[in-house]
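Report on the following structure.
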Amino acid sequence: MPELPDVEVYRRRLAQGGLHRAIAKVLVPDRTVLRGVNGAALARALRGRALVGTGRRGKHLFAETSDQTTLVMHFGMTGVLQVDGQPSMPASYVRLVLQLADGGALSLLDPRRLGFVTVVEDVAAYCQQHDLGPDALDLRVGDLRALLRGHRGGLKAVLMDQSLVAGIGNIYSDEILFQARLDPRRPASGLDDAEVRRLHRQLLRVLQLAADRGADPSSFPMGWLMQHRNDGAACPRGHGAIRKVQLGGRGAYYCPDCQS
DNA sequence: ACCTATGTTATCGC
DNA sequence: GGCGATAACATAGG
């Protein structure tokens, strides 16, 4: 479920329970998880060290090692970071395991294998090379106003463009636009100032609240679109029916009555 | 068999 | 170059 709130949950999980524990062994059952690093280099960077700090930019999770290098993780569409415990998925979905000297483990599980890991020396350079925009939770209203002004594309496409704002994907872009009562196809540059402020407030509120509730949709407030993403479902505001349209190859859900 | 699915990247056409 | 649409990657489930 990895959009910004999910990855933030993983970051907190790692920060709370995964740091300052020596890495005894690095297992890579499936090499396709490696991106721009081979298994030997990954093991060399991690074995005998510990993770000592965490960071996140959009959907990328960073774990700094005790040797100044940084483990980069991306979770694709189905990746999960697990700290200790029994694997929550079949063993065939395990893509990376850091076995810890104390007997625990950090694992990346990912059925669809669209996630990846790598190791970098310079996180800022990595973000620049991969054209990652500012993290969505760091966006100030002026930043949002400026980036909207420069783009005639639809609001949903702009929110999901990781080079403009990092962290928002298909599900949360729908939720943010639903909460802000804005049509996903509205040209970004066409918003008036009140609409920009509304979008900014809801963008932060949705992502922050989702992360604080463990990115678990069943814990989200009633009135959120999240559990009503079905064509024809009743709008949680009671105004009409949710419609599904195709935007950029993805299903976009919105309420034509509430969102304009 | 067909369609859909939380992500990213490349390519085509306007 | 911007922008939308499409396919590809890989896998599971309806």
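Naming convention: chains lettered A, B, ... in sequence-line order (proteins, then strands); numbering from 1 in each chain. These values consider heavy atoms only, across backbone and side chains, with no hydrogens, waters or symmetry-generated copies.
- OP1 or OP2 of C/dG2 has not a single side-chain nitrogen or oxygen of A/H151 nearer than 4.0 Å.
- Contact annotation for A/R229: backbone-only contact, meaning every heavy-atom pair under 4.0 Å involves sugar-phosphate atoms and none involves a base.
- Atom name C1', nucleotides C/dC3 and B/dT6: the rounded distance is 24 Å, in whole Å.
- As judged by a 4.0 angstrom heavy-atom cut-off over every strand, A/K156 is placed among residues making no nucleic acid contact.
- In this structure, A/D6 places its CG atom 12 Å from C1' of B/dG7, rounding to the nearest Å.
- Base pairing of B/dT11 is made with C/dA5, judged by Watson-Crick or G-U wobble geometry with both donor-acceptor distances under 3.5 Å.
- The existence of a salt bridge linking A/D110 and A/R113 is excluded, since no basic side-chain nitrogen approaches an acidic carboxylate oxygen closer than 4.0 Å.
- Summarising the geometry, the separation between CG on A/L4 and P on B/dT8 is reported as 11 Å, rounded to the nearest angstrom.
- The separation between A/D131 atom CG and C/dG1 atom C1' is 14 Å, rounded to whole Å.
- Whole-Å rounding puts the A/E175 CD to B/dT6 P distance at 14 Å.
- Summarising the geometry, the separation between CG on A/D110 and P on B/dG7 is reported as 13 Å, rounded to the nearest angstrom.
- In this structure, A/Q162 reaches the sugar-phosphate backbone alone: every heavy-atom distance under 4.0 Å involves primed, P, OP1 or OP2 atoms, never a base.
- As rounded to whole Å, 12 Å separates atom P of B/dT6 from atom CG of A/L114.
- Across all strands, A/G248 comes closer than 4.0 Å to base atoms (heavy-atom distances).
- Taking 4.0 angstrom as the limit, A/H74 places a side-chain polar atom (N or O) nearer than this to OP1 or OP2 of B/dT8.
- Contact of A/R112 with C/dA10 (side chain to base): a donor-acceptor pair of N or O atoms is detected under 3.5 Å.
- The nucleotide whose nearest atom lies closest to any side-chain atom of A/R250 is, among C/dG4, B/dG7, B/dT4, B/dG7.
- Between A/R145 and A/D193 there is a salt bridge, since at least one side-chain N of the basic residue sits less than 4.0 Å from a carboxylate O of the acidic one.
- Salt bridge A/D212/A/R12: present, at least one basic N to carboxylate O contact under 4.0 Å.
- Using atom P as the reference point in both B/dT4 and C/dA5, the two lie 15 Å apart (nearest Å).
- Screening A/S107, A/S88, A/P111 against A/Y93 for a side-chain contact (heavy atoms from CB on, under 4.5 Å) leaves a single residue, A/P111.
- Aromatic ring pairs are classed by plane angle as parallel below 30°, tilted from 30° to 60° and perpendicular above 60°; the pair A/H60 and A/F62 is parallel.
- Rounded to a whole Å, the CG atom of A/N170 is 13 Å from the P atom of C/dA5.
- At a threshold of 4.0 angstrom between heavy atoms, the contacts of A/Y93 are confined to the sugar-phosphate backbone, with no base atom among them.
- Counting any heavy atom pair closer than 4.0 Å across all strands shown, A/I171 reaches sugar-phosphate atoms only and no base atom.
- Residue A/W224 comes nearest to A/P236 through the heavy atom pair O-CG, 3.6 Å, listed as atom of the first residue, atom of the second, then distance.
- In this structure, C/dA10 makes no Watson-Crick or G-U wobble pair, since no nucleotide meets both defining distances under 3.5 angstrom.
- Residue contacts for A/G153: at a heavy-atom cut-off of 4.0 Å it reaches the sugar-phosphate backbone alone, with no base atom in range.
- For A/M77 and C/dC9, the CE to P distance is 16 Å, given to the nearest whole Å.
- Across all strands shown, A/G154 has heavy atoms under 4.0 Å from sugar-phosphate atoms exclusively, and none from any base.
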